[in-house]
K.L.:
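Before I ask anything, let me first share the structure, which is written out below as structure tokens.
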Amino acid sequence: MTPEELQEISDSEKEAQSKYSHTVNVCVAAGCLSCQSQNVKDALEKEIKTQGLEQSCCVKGAGCMGLCSEGPLVSADNKILYKKVAPQDAPAIVQSLGQAPVSRLVCATDVPFFQKQKKIVLENSGVIDAERVEDYVAASGYAALIQALTEMTPGEVIEQVTRSGLRGRGGAGYPTGLKWSTVAKAASARKFAICNADEGDPGAFMDRSVLESDPHRVLEGMLLAAYAVGASEGYFYVRAEYPLAIKRLRLAIKQAERLGLLGSNICGTRFNFRVDVRLGAGAFVCGEETALIASIEGKRGMPRPRPPFPAQAGMYGEPTLINNVETYANVPSIIRNGGDWYAKIGTEKSKGTKVFALAGRIQNTGLVEVPMGITLREIVFEIGGGIPEGKQFKAVQTGGPSGGCLPSQFLDMPVDYESLARAGSIMGSGGMIVIDETACMVDVAKYFMDFCMSESCGKCIPCRAGTYQLYELLNRITHYQASPQDMDVLAELCDLLKNTSLCGLGQSAANPVLSTLRYFGDEYKAHVSSQTCQAGVCGNSGGAR
Amino acid sequence: MNAAAGVKTLRIDERDFSARADETILEVARQNGIFIPTLCELKGLSEVGACRLCLVEVKNSNRLLPACVTRVEEGMEITTNSQRLERYRRSILELLFTERNHICSVCVSNGHCELQSLAQKLGMDHVHFPYRYPKAQVDASHPRFLVDHNRCILCSRCVRVCDEVEGAHTWDVKGRGINTQIISDLDQPWGSSETCTGCGKCVHVCPTGALSEKGRSVAEMMKRRQFLPYLTLMREDRE
Amino acid sequence: MSKLRLATVWLDGCSGCHMSFLDLDERLIALGEKIELVYSPLVDTKVFPENVDITLVEGAVSSEEDLHKVQLIRQRTKTLVSLGDCAVTANVPGMRNAFGTKAIYDRAYRENVTLDPGIPNETVPQLLASARPVHEIVAVDLFVPGCPPSADTIFYVLNSLLEGCAAEICAKTRFGA
């Protein structure tokens, strides 16, 4: 593959697309598929055939368009968005092409949900057909890879990523450029690059959506990383619960191999890279990098103490780069537009954009990409459309089971790594669960502790037995059976878990309890001393779950 | 590890030491008579850093570090014992006592048990977390040995000795979290295991009475571990 | 100086701790100079008295009666000592906890009984769902593990309490000792 050949693919694809005067995109990512968008797509295709418009109209299975709660979503000519489309709406939509839109189905796009977003990772989502590499190439896909391989040294690639200020999107926010240069410096003939797609936080579906909507972008990012650090073997570690993401990723790998973008002597250079997909069997802890490596190696997925870090000794003891899906997905744009371009977006220490999965008690459930530094209020009340049914906002949970619950006093806080950490939560992978007044915060903490208890790998005792004890204690609180002394034990166990657990899962497992204790301590107190639950969730039957 | 890796100087509990760069904090402490409690660690087996009892404070590190896997570094200043560490260690021991049914008075290893003696040594005179009292099984299907899961602390010494020293890998771990359990082969009765060689190494590295020889009554199970350093030494010589 | 008022109680245990107490032998006589035994299975008092300085509690809290007793004892005692593994950890009585009370009753009163099997509901106090260590029910001031703690340990504990100095229990005894 040469730059010219890539251009040729791009040109011919654009030409083919320009033959159609109208394009109808139907979301066929998991969210809309679950409300029968495949039937909508079939109906549209059938309708176009019936009306004999095959030559001028094209129906495309596209990726996620973001507003999942209004699915199935259909966009006509990438201009008009239709929501909650049913198969019987197909004739009306096809007839309206090039004319006035079908007003009863129109989903307004001049609202904050769309206007306030800034799309880098999701720029192709909902626009291109995830199953056709040509469509990705026509959208400037693989240009960054070819550019890097033909014009840049690995050091220059790392330089751009470092300048961009990109930080790991998997949770901890480690500077990506620094991680890459550590692996690049490690002296070894054999290095690995791994993509962590073991997304497991409750309510989080960013990585799934990116893989379903734009798998080549992730692959290209990983190839750039592999080139930069000198890795020749790679693995995607995807949870098995994401069958569609896995299917599209495998297809993308096959297509890239066919085009000579994967394999030996890529683009006629000495760069070789093979990549394989490994399925996670559903253990949350396998998102922890050392457990993930153990799992790929065929061992039981359990973390091991760090150091040594994977960058020094990872897969089979060799230097290994692990980045998350979203991190890789940012890289092609950074290389294409330059690190400085990326660094202009966001805040001083948190650059670029972040994809969030909005869930919980919020009007607009779905996937959004926003610039770092946006406030929680903008996300929840403008983009998210606020709380349904006129209920009061109570908290927003970020960072999944390792994160925390932030009350309304933080609504005007900018969303960046440091601010979230200072407030007692974390950026995490991007799950954002909105909680309204009908929820009991002790019950919420119990839910997350239940999750951590079930997902503890059992290796170290503080996490194995500590999460159990904490869960039981929270259970007693929600059953009004706890004593004031139990509150001391609660604090003690949280401290123990945080300071003595082996891996990040255990160390952060107490965060939901700690943050709710910090901001909703009076709710705990009410349960313990006056046997009352403000939200009316708990009681002798003991909580919603 | 390369023996020529150089010499590091460090301070442990306000005393100066020098150590080889490939040595762990635990090794240096032991050579110099400084006690750091351990349970999963056993010389001759790989370290897993799982029991968290050997956590020590290292100056300028915001985290506690497990002495068994942390290599010495130049200028390290280590505290092996502080009120905070004592508190954590006692809590960890207490959690171990709560998660299964450790009834010392009726145990074959009474008086020869590492868990029991650590509890005494660390001044743990009671457990202030609620006990779980799980229903754990006893597998006595093996002709010579038995495993009593009531007494298992999941240190994984048996798993490691069977894999790393005996080469049989009969033992492994199943389940997650509080339901984690040691299993033989693919979770079948020990007696029907096709990989077990009956060598008994697992029994003798077990720190508690979880693995024992049949026919032993209360307090009669003495563990003999001399084979492990001997085998390790002989294998090192051969290499 | 007035004598310290000592009580000993026997909840769900084997009475081994009391046997060990008796093993103090002639030291009991010396102790008698300083303490008055106001309540014990070894003496005939029927009601647990008020204003007890030290109570040694043997056994786990296992039945309705134990529960009632230990709460009363706590109210009327200055220093409550959990004596022996059953009181400290629930020990052997706690081994029933994994099985549930029904299985225990059946085994004790039906399966192994030939004459008139049946679960008593009048003369025998009802079992609690599980046997618990004393400190899970009421506050405990001092823990003395051991099965049973040796006479030396008990002597040491009592002397420490008499002299009002902190007892280094773990130097003297351990679980299962």
Side-chain angles (χ1 to χ4, degrees), chain A residues 281-286 290-291 294 299-308 449-473 475-476 481-482 485-486 488-490 492-507 509, chain B residues 24 39-40 46-57 61-71 73 84-85 87-100 115 127-132 134 153-156 159 163 169 172-183:
Chain A
F284 179 70
V285 72
C286 286
T290 58
K299 298 177 190 150
R300 185 176 151 92
M302 294 198 291
R304 60 157 177 78
R306 301 177 305 174
M449 193 50 67
D450 187 13
F451 183 88
C452 291
M453 173 178 75
S454 319
E455 294 298 339
S456 165
C457 79
K459 182 171 178 175
C460 79
I461 176 79
C463 178
R464 184 174 77 225
T467 52
Y468 169 85
Q469 290 283 351
L470 273 170
Y471 172 76
E472 288 292 317
L473 223 168
N475 204 28
R476 284 204 298 280
Q481 291 163 355
Q485 292 92 297
D486 280 337
D488 299 335
V489 178
L490 188 76
E492 181 194 347
L493 281 167
C494 288
D495 179 58
L496 182 77
L497 236 70
K498 194 174 161 183
N499 288 298
T500 67
S501 295
L502 193 158
C503 80
L505 171 61
Q507 286 158 13
Chain B
T24 63
L39 266 180
C40 63
S46 64
E47 298 93 1
V48 289
C51 77
R52 316 308 284 168
L53 283 170
C54 71
L55 287 177
V56 293
E57 291 169 3
S61 162
N62 53 1
R63 285 171 38 211
L64 301 173
L65 297 175
C68 66
V69 293
T70 308
R71 312 257 162 222
E73 276 167 35
R84 176 171 175 238
L85 289 174
R87 202 175 64 233
Y88 285 150
R89 286 170 186 162
R90 259 207 305 275
S91 294
I92 287 168
L93 275 181
E94 287 187 29
L95 286 176
L96 282 170
F97 274 92
T98 61
E99 69 166 344
R100 300 278 172 100
L115 181 67
V127 172
H128 78 296
F129 304 120
Y131 285 91
R132 276 182 73 227
I153 58 166
L154 297 166
C155 67
S156 80
V159 177
D163 177 46
H169 204 128
D172 215 313
V173 179
K174 77 162 181 183
R176 279 188 214 162
I178 201 76
N179 299 315
T180 309
Q181 194 191 303
I182 299 295
I183 50 169

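Below, read A as the first sequence line, B as the second, and so on, with proteins coming before strands; counting in each chain starts at 1.
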K.L.:
For chain A, find which of B:Leu154, B:Thr98, B:Asn179, B:Leu64 contributes the most heavy-atom pairs closer than 4.5 angstrom.
P.N.:
B:Leu154
K.L.:
Answer with side chain, backbone, both or neither: which region of A:Arg300 has an atom nearer than 4.5 Å to a non-hydrogen atom of chain B?
P.N.:
side chain
K.L.:
Can you give me the closest heavy-atom contact between B:Phe129 and A:Glu492, atom names plus distance?
P.N.:
CZ-OE2, 3.7 Å
K.L.:
What part of A:Thr500 lies closer than 4.5 angstrom to a heavy atom of chain B: side chain, backbone, both or neither?
P.N.:
both
K.L.:
Quick check on B:Ile153 against chain A: is it the side chain, the backbone, both or neither that has a heavy atom closer than 4.5 Å?
P.N.:
backbone
K.L.:
What part of A:Arg476 is in contact with chain B, defined as an atom under 4.5 angstrom from a non-hydrogen atom: side chain, backbone, both or neither?
P.N.:
side chain
K.L.:
Given that the side chain runs from C-beta out, which part of B:Leu55 has a heavy atom under 4.5 Å from chain A: side chain, backbone, both or neither?
P.N.:
side chain
K.L.:
Between B:Glu99 and A:Tyr468, does the side chain to side chain contact (heavy atoms under 4.5 Å, CB included) criterion hold? Intermediate values first, please.
P.N.:
CA-CA 9 Å; B:Glu99 69 166 344; A:Tyr468 169 85; over 6 Å; no
K.L.:
Heavy-atom pairs under 4.5 Å with chain B are the metric here; pick the option from A:Leu473, A:Val285, A:Leu496 that has the most.
P.N.:
A:Leu496
K.L.:
Provide the closest heavy-atom pair for A:Ser501 versus A:Gln507 in the form atom of the first, atom of the second, distance.
P.N.:
O-NE2, 3.0 Å
K.L.:
Say whether, by atom type as modelled, one donor and one acceptor occur between the side chain of A:Ser454 and the main chain of A:Asp450 under 3.5 angstrom.
P.N.:
yes
K.L.:
Check for a donor-acceptor pair, side chain of B:Asp163 on one end and backbone N or O of B:Val159 on the other, with a separation under 3.5 Å.
P.N.:
no
K.L.:
Is there a donor-acceptor pair under 3.5 Å between the side chain of B:Ser61 and the backbone N or O of B:Arg63?
P.N.:
yes
K.L.:
Do you know the tightest heavy-atom contact between A:Met453 and A:Tyr471?
P.N.:
CE-CD2, 3.6 Å
K.L.:
Which atoms of A:Asp486 are under 4.5 Å from chain B, going by heavy atoms: the side chain, the backbone, both sets, or neither?
P.N.:
neither
K.L.:
Please classify the contact between A:Gln485 and chain B as side chain, backbone, both or neither, with a heavy-atom cut-off of under 4.5 Å.
P.N.:
neither
